[in-house]
Amino acid sequence: MKNILITGGAGFIGNHVVRQFVNKYPDYNIVNLDALTYAGNLENLADLESKSNYTLVKVDINDADAVDAVFKSHQITDVIHLAAESHVDRSISDPLIFLRTNILGTANLLNSAKNHWTDLSQHLFYHVSTDEVYGSLGDTGLFEETTSYDPRSPYSASKASSDHLVRAYHHTYGMQIKITNCSNNYGPYQFPEKLIPLIINNIVHKKPLPVYGDGTNVRDWLYVQDHVEAIDLVFHKGTNGETYNIGGNNEKQNIGLVHLLCEAVDAKLGRPEGDAKSRITFVTDRPGHDQRYAIDASKIKAELGWEPKTDVATGLAKTVDWYLQNEEWLSNVTSGDYQKYYDNHYS
Ligand code: NAD
Ligand code: DAU
């Protein structure tokens, strides 16, 4: 019997992971541990509330006693750790909460797992991480699993630090661990502070479309369900102690991506061609803005047979449709505190 603790399951990627594990593996008990910060939303999980193999616990990963109690009362056998502060811009304006949650929170979870699991070889701590730990690329080259870490924002430095701690528990205490470092995800339920949903939302409301710097920065985009399939595969079939890079093989300059979104949303809303593009606004660049991320995902393909299935045209069309059909979700999450963040950041 597996009792799997998934942290951060009320967030963007987390809710898709929880849904996959609850529905595909009815024999597993899934405990979703989430502090429900601004990025965690119970609306994302409404369809799972009645499932008998699903439990939500509202707990902060920094709260050692509460985390210990969850390990004990649910007899946790494995962890998939996604809980984090995840937005680079917020890490620039308020770095300390990133260090608390992403570094100390991860250390706290590792420690609870170590104390609770009597035979560490029987359990797995799976850490979900980012390609940003590798730094920034020039025009050529790809991040490989052996690329040296060179994080450059408080967010990526905190994630790099958490990766090191997970490896330290493996080498020092013999804990079974797996780490994946993934490129930029997109899809339903992504919080609209991130580029793709922010641009869709602003097109709908005829607001300026902010592009940082000259828009030539490159990201490698992956549809979220492809990431979930990779997590499922690594959890079940990946090798103890290993790291796997996950990427979409789908590099886009930000400005090119924004153009695609303008065309797609205008077409869906029956607006004249060029309407949204006329609102593209180049704004002050993100400090220390990494120029290019690109992933070599050949290891996970060779060893586990994973590759992305969703091409960008299909993935963006699904994403645009979801946001247009879920305007209430969007308006709920963009009101209140987010509106203050938005006004402050983009003023
Ligand atoms: P998100 O911001 O949408 O969700 C984060 C979740 O963690 C939220 O539900 C939030 O409530 C929860 N959380 C935050 N602080 C917490 C705390 N102290 N205790 C308990 N829960 C807490 O993030 P996301 O985009 O879904 O990313 C999930 C994970 O995947 C993160 O670890 C991130 O670094 C990693 N990742 C994200 C991407 C991406 O493109 N979004 C790519 C690669 C890796
Ligand atoms: O690479 C994986 C990472 O991808 C994850 O680890 C992070 O959690 C996730 O947030 C994401 O980080 P990015 O900084 O790449 O994503 P974001 O959506 O914030 O920005 C994507 C690109 O778009 C980046 O080059 C900055 C730019 N951008 C972003 C915003 C919000 C703009 O030009 N304008 C904007 O308003």
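We count ligands from 1, going down the list as the structure has it; atoms in each ligand are counted the same way. Computation of the quantities below employed the complete heavy-atom set of this structure, encompassing side-chain atoms and omitting hydrogens, waters and symmetry-equivalent molecules.
- For R100 and E85, the salt-bridge test fails: no basic side-chain N is under 4.0 Å from an acidic carboxylate O.
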Which atom pairs, donor and acceptor, lie under 3.5 Å between side-chain atoms of residues 132-139 and protein residues at least two apart or in another chain?
unit_1: E132; atom_1: OE1; unit_2: Y293; atom_2: OH; d: 3.3
unit_1: Y134; atom_1: OH; unit_2: N245; atom_2: OD1; d: 2.8
unit_1: S136; atom_1: OG; unit_2: Q291; atom_2: N; d: 2.8

Contact table, ligand 2 N/O with protein N/O, distance under 3.5 Å:
unit_1: ligand 2; atom_1: 1 (O); unit_2: D131; atom_2: OD1; d: 2.6
unit_1: ligand 2; atom_1: 1 (O); unit_2: N184; atom_2: OD1; d: 2.8
unit_1: ligand 2; atom_1: 4 (O); unit_2: N184; atom_2: OD1; d: 3.4
unit_1: ligand 2; atom_1: 4 (O); unit_2: N184; atom_2: ND2; d: 3.1
unit_1: ligand 2; atom_1: 6 (O); unit_2: T130; atom_2: OG1; d: 2.7
unit_1: ligand 2; atom_1: 6 (O); unit_2: Y155; atom_2: OH; d: 2.6
unit_1: ligand 2; atom_1: 8 (O); unit_2: S86; atom_2: O; d: 2.8
unit_1: ligand 2; atom_1: 8 (O); unit_2: Y155; atom_2: OH; d: 3.1
unit_1: ligand 2; atom_1: 10 (O); unit_2: S86; atom_2: O; d: 3.2
unit_1: ligand 2; atom_1: 12 (O); unit_2: E132; atom_2: OE2; d: 2.8
unit_1: ligand 2; atom_1: 14 (O); unit_2: R286; atom_2: NH1; d: 2.6
unit_1: ligand 2; atom_1: 14 (O); unit_2: R286; atom_2: NH2; d: 3.3
unit_1: ligand 2; atom_1: 15 (O); unit_2: N184; atom_2: ND2; d: 2.8
unit_1: ligand 2; atom_1: 15 (O); unit_2: R219; atom_2: NE; d: 2.8
unit_1: ligand 2; atom_1: 16 (O); unit_2: N184; atom_2: ND2; d: 3.4
unit_1: ligand 2; atom_1: 18 (O); unit_2: L195; atom_2: N; d: 2.8
unit_1: ligand 2; atom_1: 19 (O); unit_2: R286; atom_2: NH2; d: 3.0
unit_1: ligand 2; atom_1: 23 (O); unit_2: N254; atom_2: ND2; d: 3.4
unit_1: ligand 2; atom_1: 25 (O); unit_2: R219; atom_2: NH2; d: 3.3
unit_1: ligand 2; atom_1: 25 (O); unit_2: N254; atom_2: ND2; d: 2.9
unit_1: ligand 2; atom_1: 25 (O); unit_2: H289; atom_2: NE2; d: 2.7
unit_1: ligand 2; atom_1: 33 (O); unit_2: Y212; atom_2: N; d: 2.8
unit_1: ligand 2; atom_1: 34 (N); unit_2: P210; atom_2: O; d: 3.0
unit_1: ligand 2; atom_1: 36 (O); unit_2: Y346; atom_2: OH; d: 2.6

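- Looking only at heavy atoms of the protein, atom 3 (O) of ligand 1 is closest to F12 N, 3.1 Å.
- Judged by the shortest distance from any of its heavy atoms, T7 lies outside the 4.0 Å radius around the atoms of ligand 1.
- Remark: aromatic rings of H87 and F191 are distant, center separation not under 6.0 Å.
- The heavy atom nearest to atom 7 (O) of ligand 1, considering only A66, A84, G11, is found in A84.
- Here the shortest heavy-atom distance to atom 43 (C) of ligand 1, taken over G8, C182, G105, belongs to C182.
- Heavy-atom contacts of V59 reach the following atoms of ligand 1: 19 (N), 20 (C) (cutoff under 4.0 Å).
- Given atom 40 (O) of ligand 1, the protein heavy atom at minimum distance is N185 N, 2.9 Å.
- By the 30° and 60° cut-offs, the orientation of the rings of Y189 relative to H16 is perpendicular.
- Contact of the K268 side chain with the Y323 side chain is not registered, since no non-hydrogen atoms from C-beta on lie closer than 4.5 Å.
- Comparing V128, V67, T106, L109 against atom 35 (C) of ligand 1, the shortest heavy-atom distance belongs to V128.
- Contact check for Y25 versus K2: no side-chain heavy atoms found under the 4.5 Å cut-off.
- Close contacts between ligand 1 and K159 involve ligand atoms 31 (C), 32 (O), 33 (C), 34 (O) [criterion: under 4.0 Å to a heavy atom].
- Put simply, the side chain of W117 reaches to within 4.5 Å of the side chain of V79, judged on heavy atoms.
- Among all protein heavy atoms, the one lying closest to atom 44 (C) of ligand 1 is S129 O, 3.1 Å.
- Look at D47 and K51 and you find no salt bridge, because none of the NZ, NE, NH1 or NH2 atoms lies under 4.0 Å from a carboxylate O.
- No side-chain N or O of Y155 forms a donor-acceptor pair with one of N102 less than 3.5 Å apart.
- Ring pair F71/H116 is tilted by interplanar angle, where 30° to 60° counts as tilted.
- Here's the thing with G9: none of its N/O atoms is less than 3.5 angstrom from an N/O atom of ligand 1.
- Nearest non-hydrogen protein atom to atom 23 (O) of ligand 1 is S86 OG, 3.3 Å.
- When only non-hydrogen protein atoms are considered, atom 20 (C) of ligand 1 lies nearest to A35 N, 3.2 Å.
- R90 forms a cation-pi arrangement with Y38, by the criterion of a distance under 6.0 Å to the ring centre and an angle within 45° of the ring axis.
- Polar contact check, K194 against ligand 1: no nitrogen or oxygen pair lies under 3.5 Å apart.
- Partner N29 forms a side chain to side chain donor-acceptor pair (under 3.5 Å) with one of T55, T77, N3 and no other, that one being N3.
- Checked against a 3.5 angstrom limit, the closest N/O atoms of Y38 and ligand 1 fall outside it.
- For the salt bridge (Lys or Arg N to Asp or Glu O under 4.0 Å) with K299, the qualifying choice from E307, E144, E242 is E242, the only one to do so.
- Counting heavy atoms closer than 4.0 Å to ligand 1, residue H87 contributes nothing at all.
- In this model, no donor atom of one side chain and acceptor atom of the other lie less than 3.5 Å apart for W306 and D226.
- The N184 neighbourhood of ligand 1 comprises atoms 40 (O), with distances under 4.0 Å to a heavy atom of that residue.
- Closest heavy-atom approach to atom 16 (C) of ligand 1 within the set T101, L42, L45: this belongs to T101.
- Of the protein's non-hydrogen atoms, Y155 OH, 2.6 Å is the one closest to atom 34 (O) of ligand 1.
- Ionic pairing of D321 and K318 is not present here: no N-O contact between side-chain nitrogen and carboxylate oxygen is shorter than 4.0 angstrom.
- Geometrically, K178 does not engage Y126 in a cation-pi contact defined by less than 6.0 Å to the ring centre and at most 45° from the axis.
- The residues K277 and E263 are annotated as salt-bridged, a charged nitrogen and a carboxylate oxygen being separated by less than 4.0 angstrom.
- Of the heavy atoms in L36, only backbone atoms (N, CA, C, O) come closer than 4.0 Å to ligand 1.
- The nearest heavy-atom contact from the protein to atom 26 (O) of ligand 1 is I13 N, 2.8 Å.
- Counting only heavy atoms of the protein, atom 19 (N) of ligand 1 lies nearest to I61 N, 3.0 Å.
- Close approach of ligand 1 to A10 is summarised as follows: ligand atoms under 4.0 Å from at least one heavy atom of the residue are 9 (O).
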